[in-house]
Trainee: 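Mind having a look at this structure? Questions to follow.
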Amino acid sequence: MDFFLDTALVDEIRAGLEMGMVDGITTNPSLVAKTGKKFMDVVKEILDLVPGPVSIEAVSEKAEDMIAEARDISGLGENAVVKIPMTEEGLKAVRALGEEGISTNVTLVFSPLQALMAAKAGASYVSPFVGRLDDVGEDGMSLVSQILEIFDNYMFETEVIVASVRTPTHVLTAARLGADIVTLPYGVLKKLPKHPLTDVGIAKFLADWEKVPK
Ligand code: G3P
């Protein structure tokens, strides 16, 4: 299972890479806005820093504009993946970009049928937003389960990125379901190695070590 970081903050990316737990990055316009930096500066910095795939979102709404934007984004680095919103225009763009060999991540996926269409269009990745579904009283992880079942039925190569992750439980459930990738806010990544009993155990072992004659 790959872990991506869902951030555009370079300090978080560096820290995640040092932990050895970051296989790629996902960004979106909201995350880029949080950096306060120019779009191109942020994107180039991240693409240079990260060896794995980096998803960068196209903001056009018409397929032909998305395609032009995607070509520009893709030209910035071999690891660039273009995020395309799940719309009819987006599906047209995904198919055309796939034929050009440009990797795409279909974003804002909230239903299994949206994911099926994205896979049929040839998307490299789909991003179901689990946290935002949970926020409105739906079950985000049930969506992931249905997408994995569909992709397995038809042996689609499209990879599932579990996105809009809010808690370690989302990560655990994604792993148990066999999702290809989770994209994590840095705060969630930091929680994953922790367990209170580990801290208690370390404190006890260190205290006992003091009693060992040396
Ligand atoms: O990057 C896409 C997704 O992970 C956004 O998450 O927390 O804004 O719903 P969130």
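Just follow the structure's listing: the first ligand is 1, and inside any ligand the first atom is 1.
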Trainee: Would you mind running through ligand 1 and noting each atom that sits below 4.0 Å from a heavy atom of Arg166?
Mentor: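 This gives 7 (O), 9 (O), 10 (P) as the contact atoms.
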Trainee: To check your reading of the model: name the closest protein heavy atom to atom 2 (C) of ligand 1, its residue, and the distance in Å.
Mentor: Phe129 CZ, 3.3 Å
Trainee: Rounded to the nearest 0.5 Å, what separation is found between the CG atom of Leu49 and the CZ atom of Arg14?
Mentor: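 It comes to 5.0 Å.
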Trainee: Does Thr183 reach ligand 1 with a nitrogen or oxygen that is under 3.5 Å from one of the ligand's nitrogen or oxygen atoms?
Mentor: no
Trainee: Is there any N or O on Thr26 that sits under 3.5 Å from an N or O of ligand 1?
Mentor: no
Trainee: Checking Ser145 against Glu149: is there a side-chain donor and acceptor pair closer than 3.5 Å?
Mentor: no
Trainee: If the cut-off is 4.0 Å to any non-hydrogen atom of Asp6, which atoms of ligand 1 fall inside it?
Mentor: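 Listed by number with element, the hits are 1 (O), 2 (C), 3 (C), 4 (O), 5 (C), 6 (O).
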Trainee: Could you tell me, atom by atom, which parts of ligand 1 come under 4.0 Å of a heavy atom of Arg132?
Mentor: 5 (C), 8 (O), 9 (O), 10 (P)
Trainee: Which heavy atom of the protein is the closest neighbour of atom 6 (O) of ligand 1, given with residue, atom name and distance?
Mentor: Ser164 CA, 3.3 Å
Trainee: From Met86 CE over to Phe110 CZ, what is the distance, rounded to the nearest 0.5 angstrom?
Mentor: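 Reported to 0.5 Å precision, the distance equals 12.0 Å.
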Trainee: If you count heavy atoms of other groups shown closer than 6.0 angstrom to CE of Met117, is the number above 12?
Mentor: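 Atom CE in Met117 is not crowded, with 12 or fewer foreign heavy atoms closer than 6.0 Å.
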Trainee: Lys83 near ligand 1, heavy-atom distance under 4.0 Å?
Mentor: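 Yes.
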Trainee: Ser127 and side chain to side chain donor-acceptor pair (under 3.5 Å): which single residue from Asn105, Asn28, Thr183, Thr107 fits?
Mentor: Asn105
Trainee: Give, for atom CG of Leu143 and atom CE of Met141, the distance between the pair rounded to the nearest 0.5 Å.
Mentor: 8.5 Å
